[in-house]
Amino acid sequence: MPRALLGLFVVALALYCATDVLTSTDERRGNAPKFMWILVVVFLPILGPIIWLVFVNGRRGVPVGTPGAPGSPSAGHSTYSGRTGRNNTGQVAPDDDPEFLWKLAAEQRRKREAAERAAREAQEKKSSGTEDSADGPGESSESNNEDEAEK
């Protein structure tokens, strides 16, 4: 009787793991082919299912950005899918969202470039202002109005 229960347990475990392999995603399998995992689970009666369960459960806590990790940016998610039981909803904190960070960096770059341009123009006006002082105040105010209109 104990041998029969042990045999039934081994078969049930192999069936469970084989079905789990067949329904798993590429990221969950570590981008390994399904047939390879099926061979491991079926032809290594006790060790195969244990390897599968350890491999899959170990990958759930892999941080984002690791190739093949669940929730990797290539899958469109940027969250952990840890053992907490939470589902990936696709909602991400702004400081973890690559698109938000890219937009923020681009905005900061534009502001910095505008400030550098304004400083450069002010320096040019300052250096050309001493030379243009003989032209009179009317011309310098017109050039200031044109520069302000461009901004």
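Residue numbers count from 1 along this sequence. A quick note: this is a predicted structure, and the numbers were derived from the prediction, not measured.
Here the shortest heavy-atom pairing between A14 and P49 reads CA-CG, 4.0 Å. Heavy atoms only, all atoms of each residue included: L22 and K34 are closest at O-NZ, 2.9 Å.
Between the CD1 atom in I38 and the OG1 atom in T19 there is a gap of 8.0 Å [rounded to 0.5 Å]. Residue C17 holds its SG atom at 10.5 Å from CD1 of I51, rounded to the nearest 0.5 Å. Here the CZ-CG distance, from R29 to D20, works out to 10.5 Å after rounding to the nearest 0.5 Å. Atoms CD1 and CG, from I50 and L13 in turn, are 7.0 Å apart once rounded to the nearest 0.5 Å.
Using cut-offs of 30° and 60° on the angle between ring planes, the pair W37 and F55 is tilted.
Linking Ile, Leu, Val, Met, Phe, Trp and Tyr residues whenever their side-chain heavy atoms come within less than 4.5 Å places I46 and V54 in a single cluster.
Clustering of Ile, Leu, Val, Met, Phe, Trp and Tyr side chains at separations under 4.5 Å places V11 together with L15.
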Could you tabulate the donor-acceptor pairs under 3.5 Å formed by side-chain atoms of residues 98-113, not counting sequence neighbours?
unit_1, atom_1, unit_2, atom_2, d
E99, OE2, K103, NZ, 3.4
E107, OE2, K111, NZ, 3.4

